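What follows is one structure encoded as C-alpha coordinates, with my remarks underneath.
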Amino acid sequence: QKRLTREANRVRNQRTANRVKPASGASVAVTIKSPETKGASESPAEASGDVSATGCLKDISTGGVGVFLSRKAESVLAETELVEISFELPPSSEPLTLIGWIRHRRLKGNRMSYGIEFDTELSDNFAPQLDRIIQYIVRCQEQEEVTAQGRSEEHTSELQSQFRIS
(Lines give C-alpha, C1' and ligand atoms only; values in the text may rest on other atoms or scores of the structure.)
Protein backbone atom coordinates (compact mmCIF):
# COMPACT_ATOMS: atom_id res chain seq x y z
CA GLN A 1 0.00 0.00 0.00
CA LYS A 2 1.43 3.33 -1.07
CA ARG A 3 1.82 6.04 1.56
CA LEU A 4 1.34 9.72 0.84
CA THR A 5 4.23 12.08 1.39
CA ARG A 6 3.88 14.91 3.90
CA GLU A 7 3.40 17.41 1.08
CA ALA A 8 0.60 15.36 -0.40
CA ASN A 9 -1.06 15.08 3.02
CA ARG A 10 -0.86 18.85 3.44
CA VAL A 11 -2.53 19.38 0.08
CA ARG A 12 -5.15 16.75 0.94
CA ASN A 13 -5.96 18.34 4.35
CA GLN A 14 -8.19 21.25 3.44
CA ARG A 15 -9.07 22.41 6.94
CA THR A 16 -8.85 26.14 7.41
CA ALA A 17 -8.99 26.18 11.22
CA ASN A 18 -7.61 24.17 14.13
CA ARG A 19 -10.05 21.91 15.92
CA VAL A 20 -10.40 21.32 19.65
CA LYS A 21 -12.18 18.54 21.49
CA PRO A 22 -14.71 19.47 24.17
CA ALA A 23 -13.17 20.33 27.52
CA SER A 24 -12.20 17.19 29.44
CA GLY A 25 -15.17 15.56 31.08
CA ALA A 26 -17.64 17.65 29.07
CA SER A 27 -20.15 15.92 26.84
CA VAL A 28 -21.82 18.29 24.41
CA ALA A 29 -25.16 17.10 23.02
CA VAL A 30 -25.91 18.01 19.41
CA THR A 31 -29.19 18.06 17.49
CA ILE A 32 -29.11 17.95 13.70
CA LYS A 33 -32.15 18.50 11.54
CA SER A 34 -33.20 19.81 8.17
CA PRO A 35 -32.96 23.60 8.18
CA GLU A 36 -36.05 25.77 8.44
CA THR A 37 -35.44 27.03 4.89
CA LYS A 38 -38.21 25.38 2.90
CA GLY A 39 -37.74 24.64 -0.79
CA ALA A 40 -39.48 22.87 -3.63
CA SER A 41 -36.90 20.08 -3.72
CA GLU A 42 -37.60 18.92 -0.17
CA SER A 43 -39.14 15.56 0.51
CA PRO A 44 -42.38 15.44 2.56
CA ALA A 45 -40.39 14.28 5.62
CA GLU A 46 -37.98 17.22 5.28
CA ALA A 47 -40.83 19.68 4.71
CA SER A 48 -42.56 18.52 7.90
CA GLY A 49 -39.31 18.78 9.90
CA ASP A 50 -39.18 15.01 10.54
CA VAL A 51 -35.52 14.67 9.51
CA SER A 52 -33.56 14.97 12.75
CA ALA A 53 -30.98 13.14 14.85
CA THR A 54 -29.07 13.63 18.09
CA GLY A 55 -25.46 12.90 18.86
CA CYS A 56 -22.42 14.34 20.62
CA LEU A 57 -19.77 16.85 19.67
CA LYS A 58 -16.46 15.26 18.67
CA ASP A 59 -14.59 18.51 17.95
CA ILE A 60 -15.17 22.11 16.98
CA SER A 61 -13.39 24.87 15.06
CA THR A 62 -14.35 28.26 13.73
CA GLY A 63 -15.19 26.56 10.44
CA GLY A 64 -17.36 23.69 11.61
CA VAL A 65 -17.88 20.72 13.88
CA GLY A 66 -17.18 17.03 14.06
CA VAL A 67 -20.12 15.05 15.43
CA PHE A 68 -20.68 11.44 16.44
CA LEU A 69 -24.11 10.02 15.59
CA SER A 70 -25.60 6.55 15.77
CA ARG A 71 -25.80 4.35 12.68
CA LYS A 72 -29.56 4.77 12.87
CA ALA A 73 -29.08 8.54 12.46
CA GLU A 74 -27.32 7.89 9.16
CA SER A 75 -30.43 6.18 7.82
CA VAL A 76 -32.41 9.30 8.73
CA LEU A 77 -29.85 11.78 7.33
CA ALA A 78 -28.56 9.75 4.38
CA GLU A 79 -30.06 12.00 1.71
CA THR A 80 -29.46 15.23 3.63
CA GLU A 81 -26.58 17.59 2.84
CA LEU A 82 -27.66 20.92 4.34
CA VAL A 83 -28.48 20.77 8.06
CA GLU A 84 -29.31 22.91 11.04
CA ILE A 85 -27.11 22.02 14.00
CA SER A 86 -27.86 23.07 17.58
CA PHE A 87 -25.70 22.64 20.68
CA GLU A 88 -24.71 24.37 23.94
CA LEU A 89 -21.07 25.08 24.73
CA PRO A 90 -20.30 24.92 28.46
CA PRO A 91 -20.63 26.80 30.68
CA SER A 92 -23.39 28.59 28.76
CA SER A 93 -26.86 27.06 28.50
CA GLU A 94 -27.79 29.33 25.58
CA PRO A 95 -27.97 27.18 22.43
CA LEU A 96 -26.03 27.91 19.28
CA THR A 97 -27.99 27.18 16.11
CA LEU A 98 -26.11 27.21 12.82
CA ILE A 99 -26.66 26.02 9.27
CA GLY A 100 -23.99 23.78 7.79
CA TRP A 101 -23.06 21.41 5.02
CA ILE A 102 -22.26 17.77 5.70
CA ARG A 103 -18.78 17.43 4.20
CA HIS A 104 -18.03 13.86 5.21
CA ARG A 105 -19.60 10.78 6.76
CA ARG A 106 -17.47 7.93 8.07
CA LEU A 107 -18.23 4.80 10.01
CA LYS A 108 -16.17 4.73 13.24
CA GLY A 109 -16.86 1.54 15.16
CA ASN A 110 -20.57 1.38 15.91
CA ARG A 111 -21.25 5.05 15.18
CA MET A 112 -21.00 7.57 12.39
CA SER A 113 -18.57 10.47 12.34
CA TYR A 114 -19.85 13.55 10.53
CA GLY A 115 -17.90 16.63 9.49
CA ILE A 116 -20.12 19.67 9.13
CA GLU A 117 -18.91 22.99 7.71
CA PHE A 118 -20.74 26.11 8.92
CA ASP A 119 -22.46 28.20 6.25
CA THR A 120 -21.80 31.80 7.25
CA GLU A 121 -24.38 33.13 4.79
CA LEU A 122 -27.31 30.88 5.71
CA SER A 123 -26.73 30.90 9.51
CA ASP A 124 -28.72 33.60 11.32
CA ASN A 125 -26.62 35.80 13.63
CA PHE A 126 -23.43 34.01 12.62
CA ALA A 127 -20.96 36.63 13.95
CA PRO A 128 -22.09 36.59 17.61
CA GLN A 129 -22.30 32.79 17.55
CA LEU A 130 -18.79 32.63 16.09
CA ASP A 131 -17.56 34.86 18.95
CA ARG A 132 -18.95 32.33 21.45
CA ILE A 133 -17.28 29.48 19.57
CA ILE A 134 -13.94 31.33 19.61
CA GLN A 135 -14.25 31.94 23.36
CA TYR A 136 -14.93 28.24 23.90
CA ILE A 137 -11.98 27.21 21.73
CA VAL A 138 -9.66 29.52 23.66
CA ARG A 139 -10.86 28.07 27.00
CA CYS A 140 -10.29 24.52 25.72
CA GLN A 141 -6.81 25.40 24.46
CA GLU A 142 -5.92 27.02 27.79
CA GLN A 143 -7.14 23.93 29.65
CA GLU A 144 -5.09 21.69 27.32
CA GLU A 145 -1.97 23.78 28.03
CA VAL A 146 -2.47 23.58 31.80
CA THR A 147 -3.05 19.83 31.60
CA ALA A 148 0.02 19.32 29.38
CA GLN A 149 2.19 21.44 31.70
CA GLY A 150 0.98 19.43 34.70
CA ARG A 151 1.88 16.19 32.93
CA SER A 152 5.31 17.56 32.04
CA GLU A 153 6.00 18.61 35.65
CA GLU A 154 4.76 15.24 36.89
CA HIS A 155 7.02 13.42 34.42
CA THR A 156 10.03 15.55 35.40
CA SER A 157 9.37 14.83 39.08
CA GLU A 158 9.15 11.09 38.36
CA LEU A 159 12.44 11.16 36.45
CA GLN A 160 14.14 13.14 39.21
CA SER A 161 13.03 10.66 41.86
CA GLN A 162 13.87 7.68 39.64
CA PHE A 163 17.39 8.91 38.93
CA ARG A 164 17.73 10.89 42.18
CA ILE A 165 18.34 14.12 40.31
CA SER A 166 18.35 17.22 42.50
Side-chain angles (χ1 to χ4, degrees), residues 9-10 12-39 42 45-46 48-154:
N9 276 329
R10 266 187 243 149
R12 194 170 144 252
N13 183 359
Q14 298 179 4
R15 286 189 184 83
T16 58
N18 289 329
R19 299 174 293 166
V20 297
K21 293 180 180 181
S24 61
S27 178
V28 178
V30 173
T31 302
I32 297 176
K33 65 179 189 174
S34 292
E36 295 297 319
T37 55
K38 305 290 186 239
E42 289 181 319
E46 287 173 320
S48 66
D50 290 343
V51 178
S52 68
T54 57
C56 66
L57 189 71
K58 179 175 90 170
D59 55 52
I60 186 167
S61 74
T62 56
V65 292
V67 177
F68 285 127
L69 298 171
S70 69
R71 282 183 170 182
K72 184 178 178 183
E74 172 60 12
S75 65
V76 172
L77 296 171
E79 300 299 316
T80 306
E81 291 183 32
L82 185 65
V83 294
E84 178 182 285
I85 181 165
S86 299
F87 52 94
E88 299 171 3
L89 294 175
S92 175
S93 60
E94 184 181 342
L96 294 163
T97 301
L98 299 149
I99 304 297
W101 294 91
I102 297 175
R103 295 300 185 199
H104 79 82
R105 296 170 161 97
R106 289 188 180 87
L107 182 61
K108 297 259 184 168
N110 64 347
R111 57 189 177 176
M112 295 297 295
S113 172
Y114 277 68
I116 300 171
E117 179 183 9
F118 299 138
D119 188 309
T120 60
E121 301 289 321
L122 295 176
S123 297
D124 290 336
N125 301 312
F126 183 76
Q129 294 189 90
L130 178 61
D131 287 342
R132 290 178 47 209
I133 291 169
I134 291 169
Q135 290 169 5
Y136 180 77
I137 290 170
V138 168
R139 281 193 308 273
C140 288
Q141 289 172 332
E142 288 170 349
Q143 183 179 4
E144 285 175 8
E145 287 175 16
V146 168
T147 302
Q149 184 171 359
R151 279 193 222 120
S152 175
E153 290 171 0
E154 196 175 281

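Everything numeric here is computed off the predicted structure, so don't read it as measured data.
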Margin query: Taking side-chain contact (heavy atoms from CB on, under 4.5 Å) as the definition, give me every residue that meets it alongside Q141, ordered by chain and number, with sequence neighbours left out.
Written below: V20, I137

Next item on the list: Quick one: list whatever passes side-chain hydrogen bond (donor to acceptor under 3.5 Å, both in side chains) with S113, sequence neighbours left out.
Entry: K58

Note to self: Restricting to side-chain hydrogen bond (donor to acceptor under 3.5 Å, both in side chains), what partner residues turn up for T97, sequence neighbours left out?
What the structure shows: S86

Next item on the list: Let me know which of I85, T80, V76, T54 forms a side-chain contact (heavy atoms from CB on, under 4.5 Å) with I32.
Entry: I85

Check: Does the ring of F68 carry R111 above it, NZ/CZ under 6.0 angstrom from centre and within 45° of its axis?
Finding: yes

Next item on the list: For the pair R105 (side chain) and L77 (backbone), establish whether a donor and an acceptor sit closer than 3.5 Å, ignoring hydrogens and angles.
Entry: yes

Note to self: For the CH2 atom of W101 and the CG atom of D119, what is their distance to the nearest 0.5 Å?
What the structure shows: 6.5 Å

Check: For P128, does its backbone N or O pair with a side-chain atom of N125 as donor and acceptor, under 3.5 Å?
Finding: no

Notebook entry, point to check: What pairs meet the salt bridge (Lys or Arg N to Asp or Glu O under 4.0 Å) rule with one or both residues in residues 129-141, with sequence neighbours excluded?
Noted result: E94-R132

Checklist line | Non-hydrogen side-chain atoms of Y136 and P90 separated by less than 4.5 Å | finding: yes

Notebook entry, point to check: Which pair of heavy atoms, one from E84 and one from P35, lies closest together, and at what distance?
Noted result: CB-CA, 3.9 Å

Next item on the list: For the residue pair T31 and F87, establish whether any side-chain heavy-atom pair is separated by less than 4.5 Å.
Entry: no

Check: From E145 CD over to C140 SG, what is the distance, rounded to the nearest 0.5 angstrom?
Finding: 11.5 Å

Next item on the list: Mind listing the closest non-hydrogen atom pair of S61 and I133 along with its distance?
Entry: O-CG2, 3.7 Å

Notebook entry, point to check: Considering only heavy atoms from C-beta outward, does the side chain of L130 approach that of L98 to under 4.5 Å?
Noted result: no

Note to self: So does D124 get a backbone contact from the side chain of Q129, meaning a donor-acceptor N/O pair under 3.5 Å?
What the structure shows: yes

Check: Does S123 reach the main-chain N or O of F126 with its side chain, forming a donor-acceptor pair under 3.5 Å?
Finding: no

Check: Under 4.5 Å between any side-chain heavy atoms of L89 and L57, yes or no?
Finding: yes

Check: Nearest heavy-atom pair of T62 and F118: which atoms, and what distance?
Finding: O-CD1, 3.6 Å

Check: Is the shortest heavy-atom distance from the side chain of L69 to the side chain of V30 under 4.5 Å?
Finding: no

Checklist line | Partner set under side-chain contact (heavy atoms from CB on, under 4.5 Å) for S70, not counting sequence neighbours | finding: K72, A73

Note to self: Go through it in stages, so that I can follow the logic: the residues are L107 and R71, the test is side-chain contact (heavy atoms from CB on, under 4.5 Å), and I'd like the CA-CA distance, side-chain angles, deciding distance and then a yes or no.
What the structure shows: CA-CA 8 Å; L107 182 61; R71 282 183 170 182; 3.3 Å; yes

Next item on the list: Evaluate side-chain contact (heavy atoms from CB on, under 4.5 Å) for I99 paired with V83, printing each intermediate quantity in order.
Entry: CA-CA 6 Å; I99 304 297; V83 294; over 6 Å; no

Next item on the list: To the nearest 0.5 Å, tell me how far H104 NE2 sits from Y114 OH.
Entry: 10.5 Å

Item checked: side-chain contact (heavy atoms from CB on, under 4.5 Å) partners of P95, counting only residues at least two apart -> E88

